[in-house]
Amino acid sequence: MALLEILCYPDPRLHKTARPVQKFDASLRSKVDDMAQTMYEAPGIGLAATQVSILENIIVIDISDSRDELQVFINPEIIWKSQESKSWREGCLSVPDYFDEVTRPERVKVRAQNIQGEYFELEAEGILSVCIQHEMDHLVGKVFVEYLSPLKRARIKGKMKKRFHT
Ligand code: K1U
Ligand code: ZN
């Protein structure tokens, strides 16, 4: 297993779109293992492949307190969203030390494949729903700060550039 470099906003590579996973082989298992290790080490409750420069539709999530309930979503699709929305204070490993409120559908139903390529469906609410939506945004090149006002976004961009790109 290996620790991967997490890209930091506003790195342009965070805005690339991931492509579908087609082969469910040892190379995929190795990527998932590395992503899980990177998420646990960070520490985070989720990680999307684009954050670690892997342009494939892979997400890992662990929202458990015990940190031993890894959930892997390959090629995830949201097949249903609730009408009701909810605001959560979100964080992002690609925007370290910044948290802000984002409003999203309260519940979602996701269809995805597991590491063996088998399809499954899951209805999520609470932090799992938020995390799935946040990670799926990463897979299409969207970072949560894009939900904030242009002024907030500009401030965050300035601070991050100073911290990581000077
Ligand atoms: O995608 C990411 O950058 C991971 C992100 C996921 C997330 C957190 C909160 C709301 C929405 C999405 C994080 O894990 S940020 C770190 C974090 O929230 C956390 C870390 C350790 C323990 C508990 C939370
Ligand atoms: Zn994130």
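Just so you know, these numbers use all the heavy atoms, side chains as well, and skip hydrogens, waters and symmetry mates. When a ligand or atom number is given, it counts from 1 through the structure's own listing order.
Here the CD1-NZ distance, from I74 to K31, works out to 10.0 Å after rounding to the nearest 0.5 Å.
Counting only heavy atoms of the protein, atom 20 (C) of ligand 1 lies nearest to P43 O, 3.2 Å. In this structure, the protein non-hydrogen atom closest to atom 10 (C) of ligand 1 is E90 CA, 3.7 Å. Regarding atom 6 (C) of ligand 1, its nearest protein heavy-atom neighbour is E135 OE2, 3.4 Å. Protein heavy atom nearest atom 4 (C) of ligand 1, with residue, atom name and distance: G46 O, 3.1 Å.
Nearest heavy atom pair, residue P105 against residue Q133, reads O-NE2, 2.9 Å. A pairwise comparison of heavy atoms in P76 and L139 identifies CG-CD1, 4.0 Å as the closest pair.
Across the listed options L128, D97, I45, I6, I45 owns the non-hydrogen atom lying nearest to atom 13 (C) of ligand 1. Counting heavy atoms only, G91 comes closest to atom 7 (C) of ligand 1 of the residues A48, G91, G44.
By the criterion of a heavy-atom distance under 4.0 Å, neither the backbone nor the side chain of M39 is placed next to ligand 1.
For atom 17 (C) of ligand 1, no protein non-hydrogen atom is found at a distance below 4.0 Å.
With a 4.5 Å cut-off on side-chain heavy atoms, C92 and H138 count as touching. Here the side chains of I6 and V52 are in contact, with some heavy-atom distance below 4.5 Å.
In summary, the atoms of ligand 1 found under 4.0 Å from a heavy atom of L93, numbered by their order in the structure, are 2 (C), 3 (O), 4 (C). Taking a cut-off of under 4.0 Å to the non-hydrogen atoms of V130, the atoms of ligand 1 that pass are 11 (C). Each of the atoms 1 (O), 2 (C), 3 (O) of ligand 1 lies under 4.0 Å from some heavy atom of Q51. Taking a cut-off of under 4.0 Å to the non-hydrogen atoms of H138, the atoms of ligand 1 that pass are 1 (O), 3 (O).
Of the possible polar contacts, none joining the D137 side chain to the K142 backbone as a donor-acceptor pair under 3.5 Å is found.
In this structure, Y98 and F144 have tilted ring planes: the angle between them lies in the 30° to 60° band.
If you check the side chains of S94 and Q51, you find a donor sitting under 3.5 Å from an acceptor.
Cation-pi geometry between K152 and Y147 is not met at under 6.0 angstrom from the ring centre and within 45 degrees of the axis.
When rounded to 10 degrees, the angle formed at the Zn ion (ligand 2) by SG (C92) and NE2 (H138) equals 110°.
Residue contacts with ligand 1: R89 is placed with no nitrogen or oxygen under 3.5 Å of a nitrogen or oxygen of the ligand (distance criterion only).
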